[in-house]
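Here's the structure, in structure tokens; my notes come after.
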Amino acid sequence: MNRIFSGMQPTYALHLGNYLGALRNWVELQNQFESIFCVVDLHAITLPQDPKALLNNTREVAAAYIAAGIDPERNILFNQSYVAGHSELSWIFSCLTPLGWLNRMTQFKDKAGKNRDQAGLGLYAYPVLMAADILLYKATHVPVGEDQKQHLELARDIAGAFNRNYGRDVFPLPEPQIMGEATRVMSLRDGTKKMSKSDASDYSRINLTDDADAIAQKIRKAKTDPEPLPATIEELEARPEADNLVTIYAALEGTSRLDVLGRFAGAQFSGFKGELVDLAVAKLGPITAEMNRLMKDPAEIDRILRRGGERARAIAESTMAEVRDVVGLLRP
Ligand code: AQP
């Protein structure tokens, strides 16, 4: 049986990269797979955080999923900390994961920065928890943006290590699903850096909570070069900021970069940006409006998450019973 698991951290608001790189693909995939979508709140405490903001962001991310088109009845939508199995399985996997595997993770190096000795163990072990998230549900497919590819490979290695160590085929090796034109949306201020929730500049990203004016301002101020739009992909790829805006346009429209260049080659960026603003507002505006409507009733969002949490827990408990038997832990 094919099953999808994927999640987003409730740190700050979701942005266009989260939407185009992952969330929009989930909406499509929910029709093909049994799907579990998680708000990964335990991952959000790996860096300093504000408890009130975390709770609000958890609801906001759930609202974004639903507003983007995830059906919480047909799929399981819940927050990670509701199901204790994530932490339990993570510990069991930690005992089998060589430090050398974790030392290779580039996201830890980026996030820990120069002061690595002061970084928390949770930040270091983040990819092990992510492997547990996926494998607790024996998910076969994981739709993510390109930045998560390395973590997914580690999840496959951990699944293989567990199966080999205990001589039992307990876990599938999950496949990353990196889909669409915009697998890596870049910062609007620097075309060589990923668009990211934690970037200090709000002008680097379009948030799903931004209104039409904010979207327009951010796109108009987006860094570009003085040349008009090129005609070929080769020329485009030599200009990271231009490539990023064309990629965003193509992904929002559901076409390809070549299609976009076919229409805009030779045009100045000022004109192109105006068209991009109209497109972005038309595509994102309804999602933002629906998120705002849902956020007016936080108790209803909590009810949806709890219902999803109960369904997730039932699957997780069956996996954990099997894991306990295989590892030799007395069942509760
Ligand atoms: N820039 C991006 N382009 C395409 N996909 C992206 N994703 C994130 N940024 C981009 C995808 O969104 C999903 C959820 O990501 P996450 O919330 O788990 O955290 P992240 O990847 O660490 O996202 P951020 O925005 O960069 O957060 P911070 O700044 O807190 O680290 C994943 O599928 C991811 O691939």
Side-chain angles (χ1 to χ4, degrees), residues 4-29 35-50 53-54 57-58 60-62 64-65 68 70 79-80 86 105-113 119-120 122-123 126-127 129-131 133-134 139 141-155 174-202 204-210 218 222 240-241 243-245 247-248 250-252:
I4 274 182
F5 178 95
S6 202
M8 306 220 186
Q9 296 184 70
T11 39
Y12 317 105
L14 294 189
H15 54 68
L16 188 63
N18 299 134
Y19 177 63
L20 294 176
L23 182 52
R24 205 183 49 166
N25 299 329
W26 301 359
V27 175
E28 207 181 304
L29 291 165
S35 305
I36 304 177
F37 299 116
C38 189
V39 183
V40 288
D41 49 6
L42 293 174
H43 286 278
I45 61 171
T46 53
L47 286 170
Q49 58 99 13
D50 166 8
L54 176 61
N57 290 337
T58 298
E60 198 172 83
V61 170
Y65 290 1
I70 297 295
N79 62 304
Q80 182 187 25
H86 292 259
M105 297 297 114
T106 55
Q107 196 183 78
F108 173 74
K109 290 179 195 161
D110 292 346
K111 291 202 171 179
L123 186 66
Y126 180 116
L129 179 59
M130 181 167 155
D133 298 338
I134 297 162
H141 294 78
V142 186
V144 282
E146 211 173 86
D147 59 317
Q148 291 296 333
K149 200 167 162 215
Q150 193 185 35
H151 287 167
L152 244 299
E153 278 159 11
L154 185 78
E175 292 284 342
Q177 287 202 299
I178 298 173
M179 302 162 57
E181 273 294 298
T183 55
R184 190 172 176 84
V185 177
M186 308 309 278
S187 156
L188 298 180
R189 309 300 294 162
D190 177 352
T192 62
K193 259 173 66 186
K194 177 180 99 122
M195 184 178 285
S196 169
K197 295 190 208 87
S198 53
D199 193 313
S201 166
D202 196 49
S204 68
R205 61 184 165 259
I206 293 172
N207 303 307
L208 293 188
T209 46
D210 286 343
K218 288 177 178 180
E241 282 84 15
D243 192 9
N244 191 35
L245 292 186
T247 301
I248 291 172
L252 282 171

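Indexing begins at 1, ligand by ligand and atom by atom, following the structure's order. Computed from a predicted structure; not experimentally measured.
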Considering only heavy atoms, does T11 approach ligand 1 within less than 4.0 Å through its side chain, its backbone, both, or neither?
-> side chain

Which of the numbered atoms in ligand 1 are below 4.0 angstrom from a heavy atom of G21?
-> 4 (C), 5 (N)

Return yes or no for this condition: an N or O of M195 is under 3.5 Å from an N or O of ligand 1.
-> yes

for atom 35 (O) of ligand 1, nearest protein heavy atom and its distance come out as D147 OD1, 2.5 Å

Could you go step by step and tell me if T11 and Q49 meet the side-chain hydrogen bond (donor to acceptor under 3.5 Å, both in side chains) rule?
-> CA-CA 8 Å; T11 39; Q49 58 99 13; over 6 Å; no

Gap separating the CG atom of D133 from the NE2 atom of H151, nearest 0.5 angstrom | 12.0 Å

Please say whether E146 places an N or O atom under 3.5 Å from an N or O atom belonging to ligand 1.
-> no

More than 12 heavy atoms of other residues, nucleotides or ligands under 6.0 Å from CD of Q150: is that the case?
-> yes

Backbone of H141 reached by a side-chain donor or acceptor of E175 within 3.5 Å = no

Quick one: do H15 and N207 satisfy side-chain hydrogen bond (donor to acceptor under 3.5 Å, both in side chains)? Show the steps, please.
-> CA-CA 4 Å; H15 54 68; N207 303 307; over 6 Å; no

Does A182 reach ligand 1 with a nitrogen or oxygen that is under 3.5 Å from one of the ligand's nitrogen or oxygen atoms?
-> no

Among all protein non-hydrogen atoms, which one is nearest to atom 31 (O) of ligand 1, and what is the separation to 0.1 Å?
-> K111 NZ, 2.4 Å

Could you state the interatomic distance from CE (M195) to CG (L188), rounded to the nearest 0.5 Å?
-> 4.0 Å

Give the residue, atom name and distance (to 0.1 Å) of the protein heavy atom nearest atom 16 (P) of ligand 1.
-> K197 NZ, 3.5 Å

List the steps, then state whether side-chain hydrogen bond (donor to acceptor under 3.5 Å, both in side chains) holds for E60 with Y12.
-> CA-CA 9 Å; E60 198 172 83; Y12 317 105; over 6 Å; no

Can you tell me if NZ on K109 sees more than 12 non-hydrogen neighbours from other groups inside 6.0 Å?
-> yes

Hey, is M8 touching ligand 1 through its side chain, its backbone, both or neither, going by heavy atoms under 4.0 Å?
-> both

Should H15 be counted as touching ligand 1, given the test is an N or O pair under 3.5 Å?
-> yes

Closest protein heavy atom (residue, atom, distance) for atom 6 (C) of ligand 1 | G17 O, 3.5 Å

Hey, is D210 close enough to K218 for a salt bridge, meaning N to O under 4.0 Å?
-> yes

Does an N or O from S196, backbone or side chain, lie closer than 3.5 Å to an N or O of ligand 1?
-> yes

Nearest-contact summary for atom 32 (C) of ligand 1 - protein heavy atom, Å | Q148 CG, 3.9 Å

Any Lys/Arg nitrogen of D199 or K193 sitting under 4.0 Å from an Asp/Glu carboxylate oxygen of the other?
-> yes

List the closest protein heavy-atom neighbour of atom 12 (O) of ligand 1: residue, atom name, distance to the nearest 0.1 Å.
-> N18 ND2, 3.0 Å

Identify the protein heavy atom lying closest to atom 3 (N) of ligand 1, giving its residue, its atom name and the separation to 0.1 Å.
-> V185 N, 2.8 Å

Would you mind checking which non-hydrogen protein atom is closest to atom 20 (P) of ligand 1, with the distance to 0.1 Å?
-> K194 NZ, 3.7 Å

